[in-house]
There are 2 protein chains.
Amino acid sequence: MTVIFSKKCEYGLQAILYLAANDNSDVVKSEEISHILNIPKEFISKILQSLTESGLVYSKKGKSGGFALAKAPNKIRLIDIVTAIDGMSMFNNCVLGFPHCSPDHPCPLHEQWGELRTKAYNMLTDETLDQLKEKTLKKIGHLKN
Amino acid sequence: MTVIFSKKCEYGLQAILYLAANDNSDVVKSEEISHILNIPKEFISKILQSLTESGLVYSKKGKSGGFALAKAPNKIRLIDIVTAIDGMSMFNNCVLGFPHCSPDHPCPLHEQWGELRTKAYNMLTDETLDQLKEKTLKKIGHLKN
DNA sequence: CTTTAATCAGACAATAAAATCCGATTATAA
DNA sequence: TTATAATCGGATTTTATTGTCTGATTAAAG
Ligand code: SF4
Ligand code: SF4
């Protein structure tokens, strides 16, 4: 079971955070991302390709090619990646899987879930990538070991 | 993508809520649950079978057989169903899929996610099935239409 | 200009989740 | 006692997700 996001999305988020943390360097090759984050090389490559189409990532071909953010880190939020990969369905659908969700026909968890959904959205929206950089570096430092 | 729970788990939760709402009647046959909740008959049957093994559901074989709660509705909480079907991994794992989660090596969303996780747990734990009955009946009433 | 090292693109394979099918079994009711 | 209607249990199919392979393409560097 996934926690909330698909593996694709989790990997995408991790990779984007890594790119933001390496903002100084030109481009990062997929092999490096694969190695550090423990993601199959071809898989993360594929995911970053799709994020390139979405305009979030810049990719450079040929020797000394790789990936980088397409925009300034203060212009990107985690929600952008989620939207591009998993879409917004988790913010519209019911935790219990009931159809026709609306305040008129609330399910037994309506209130609690509505609040959680909003907070989850804020969690992904409040900060931009540059604001997350410090914390990302700390976490990634421990992964290397 | 699933919101949080697998389809199996969503269906299980819905069915359990339905059984609790029909607490008066003896047993409910899988065909009825299937029809009302729009779940493949054989699928919900299988799920309720597994919940029977877990001791949450009582099943009666033969003609006029069906399913019912194995315990009093005030002894069952939604978390019990989640635990039985999806397990507790969502309450231990990282939203971002990072390994080795611990407060010492927090990921960038540590604080927010930790809070959400707790609230999600409470949402499934605070109320027992009998306390949810009223709201369930209201929701199911609208499904029938 | 040629070699090389990388992405790109898209087909392909493996695994997991969701749904279906069916024969065996069981218990009720006629 | 017999026919019936339901679950049980397991095999099977289908579909979605995850992961892998490979050849073409691209751009830098010698
Ligand atoms: S209103 Fe109720 S049914 Fe709809 S998503 Fe919220 S909790 Fe689920
Ligand atoms: S501590 Fe950080 S890494 Fe671990 S689950 Fe919480 S948010 Fe994720």
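Naming: A, B, ... by sequence-line order, numbering from 1 per chain. All values below were derived from every heavy atom in this structure, side-chain atoms included, with hydrogens, water molecules and symmetry-related copies excluded.
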Give me each pair satisfying side chain to side chain donor-acceptor pair (under 3.5 Å) with a member in residues 31-44 of chain A, each pair once, sequence neighbours excluded. A:Y18-A:E32

Could you state the atom-to-atom distance from NZ of A:K41 to C1' of D:dT22 in whole Å? 12 Å

Return whichever of A:G66 or B:S64 has its heavy-atom-nearest nucleotide of DNA chain C closer to the 5' end. A:G66

Could you tell me how far apart B:E10 (CD) and C:dA18 (C1') are, to the nearest whole angstrom? 12 Å

Check the phosphate of D:dG19 against A:Y11, side-chain N and O only, distance under 4.0 Å to OP1 or OP2. Yes or no? yes

To the nearest Å, give me how far apart OH (B:Y58) and C1' (C:dT26) are. 12 Å

Shorter than 3.5 Å, N or O on both sides, protein versus nucleotides 8-11 of chain D: list them out with atom names.
residue	atom	partner	partner atom	Å
D:dC8	OP1	B:S59	OG	2.0

My understanding is that only residues two or more places apart in sequence, or in another chain, count here; which of them pass ring pair (Phe, Tyr, Trp, His ring centres under 6.0 Å) with A:F91? A:Y121

Taking for each residue the nucleotide of DNA chain D bearing the nearest heavy atom, is the 5' side occupied by A:G62 or by A:P40? A:P40

Could you tell me how far apart B:K29 (NZ) and D:dT4 (P) are, to the nearest whole angstrom? 16 Å

Between the side chain of A:R117 and the main-chain N/O of A:N93, is any donor-acceptor distance below 3.5 Å? yes

Test side chain to side chain contact (heavy atoms under 4.5 Å, CB included) applied to B:F5 and B:L124, step by step: CA-CA 12 Å; B:F5 306 123; B:L124 299 168; 3.8 Å; yes

With side chain to side chain contact (heavy atoms under 4.5 Å, CB included) as the criterion, how do A:L109 and B:L78 come out once you've worked through the C-alpha distance, each side chain's angles and the decisive distance to 0.1 Å? CA-CA 10 Å; A:L109 301 180; B:L78 294 181; 3.9 Å; yes

Here the distance between atom C1' of D:dT17 and atom CD1 of A:I85, to the nearest Å, is 14 Å

B:K7 has an atom NZ; how far is it from atom P of C:dA19, in whole Å? 7 Å

Mark yes or no for whether A:Q131, through its side chain, and A:T128, through its backbone, hold a donor-acceptor pair below 3.5 Å. yes

Can you tell me the distance, in whole Å, between the CD1 atom of B:I44 and the P atom of C:dC21? 17 Å

